[in-house]
Amino acid sequence: GMELHTLPCIANTSKVEESGVLDFRLLKGYSAETSGGLMICMKEEDAVAYCKELEDIDEEPAWIIGRVVEDPNRKASIVDDFKTLEVEMKA
C-alpha cells in the first residue's frame, strides 16, 4: 500500500475544506482538487535525484509525498499528521 505524508492541493482549496462550508473530502484524499499530476513509486534512495532531474527538465516542482508500506489490502492511506502542500496553478 501507500502511506501519504504530504497532500498536494490546488492553492487555497484546503482552506475552503477547513472552513466547513463545503465537505468535498479533500483532506481525506477523495477530491479532484488535489493538484493532480503523476504519482510514481521507486526506491527511496533514487527519489530525491529523480525529483531534481524532473525539475531541471520540466522547470516544474516535484515532491516526495509518501512511501510504500506493507499492506495486504494494497490500499493507500493518509497519515494522521499529514501536511498539505498549496500548489499555485499557472495561467
Side-chain angles (χ1 to χ4, degrees):
M2 290 288 300
E3 183 179 81
L4 305 176
H5 55 67
T6 304
L7 187 61
C9 301
I10 296 171
N12 298 311
T13 56
S14 63
K15 293 176 187 169
V16 173
E17 175 81 5
E18 291 169 343
S19 73
V21 172
L22 295 172
D23 180 17
F24 49 102
R25 303 184 334 151
L26 170 70
L27 301 178
K28 295 177 183 128
Y30 291 107
S31 179
E33 285 74 23
T34 55
S35 68
L38 176 67
M39 184 167 68
I40 63 171
C41 297
M42 66 178 57
K43 292 180 181 178
E44 188 173 0
E45 58 268 16
D46 296 335
V48 172
Y50 180 83
C51 286
K52 180 175 181 347
E53 183 177 353
L54 194 60
E55 289 177 4
D56 289 346
I57 292 169
D58 289 340
E59 298 179 358
E60 295 289 340
W63 309 282
I64 297 171
I65 62 166
R67 63 190 187 106
V68 175
V69 294
E70 188 173 332
D71 179 357
N73 298 315
R74 299 173 54 162
K75 299 285 183 180
S77 62
I78 301 173
V79 299
D80 290 336
D81 60 343
F82 73 95
K83 72 174 188 172
T84 56
L85 180 63
E86 300 282 328
V87 179
E88 295 292 333
M89 302 305 293
K90 292 187 176 181

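Just the heavy atoms: all of them, side chains too, but no hydrogens, waters or symmetry mates, feed the values below.
Between the OG atom of S19 and the CG atom of N12 there is a distance of 11.5 Å, given to the nearest 0.5 Å. A distance of 10.0 Å separates OG in S14 from CG in L85, rounded to the nearest 0.5 Å. In this structure, I78 CD1 and H5 NE2 are separated by 12.0 Å, a value rounded to the nearest 0.5 Å. Atom-to-atom distance recorded for F82:CZ and K28:NZ is 10.0 Å, nearest 0.5 angstrom. Rounding to the nearest 0.5 Å places CH2 of W63 at 8.5 Å from CD of E55. To the nearest 0.5 Å, atom CD of residue E53 and atom CG of residue D58 are 10.0 Å apart.
V79 and I64 sit in two unconnected hydrophobic clusters of ILVMFWY residues. Membership requires side-chain heavy atoms under 4.5 Å apart, directly or through other members. Hydrophobic clustering (side-chain heavy atoms under 4.5 Å, transitive across Ile, Leu, Val, Met, Phe, Trp, Tyr) groups L26 together with V21. Side-chain heavy atoms closer than 4.5 Å link hydrophobic residues (I, L, V, M, F, W, Y) into clusters, and following such links, possibly through other members, connects L54 to M42.
Using a 4.5 Å heavy-atom cutoff, the side chains of V69 and M2 are not in contact. Between K52 and V48, the closest side-chain pair of non-hydrogen atoms is not below 4.5 Å. The shortest side-chain heavy-atom distance between E18 and T84 does not fall under the 4.5 Å cut-off.
The nearest pair of heavy atoms linking I10 to E86 is O-OE1, 3.8 Å.
Using modelled atom types, one side-chain atom of E17 and one backbone atom of F24 make a donor-acceptor pair closer than 3.5 Å. Between the E3 side chain and the G66 main chain, no donor and acceptor come within less than 3.5 Å of each other.
No more than 12 heavy atoms of other residues, nucleotides or ligands sit less than 6.0 Å from atom CG of D80. Around atom CD of E44, no more than 12 heavy atoms belonging to other residues, nucleotides or ligands sit under 6.0 Å away.
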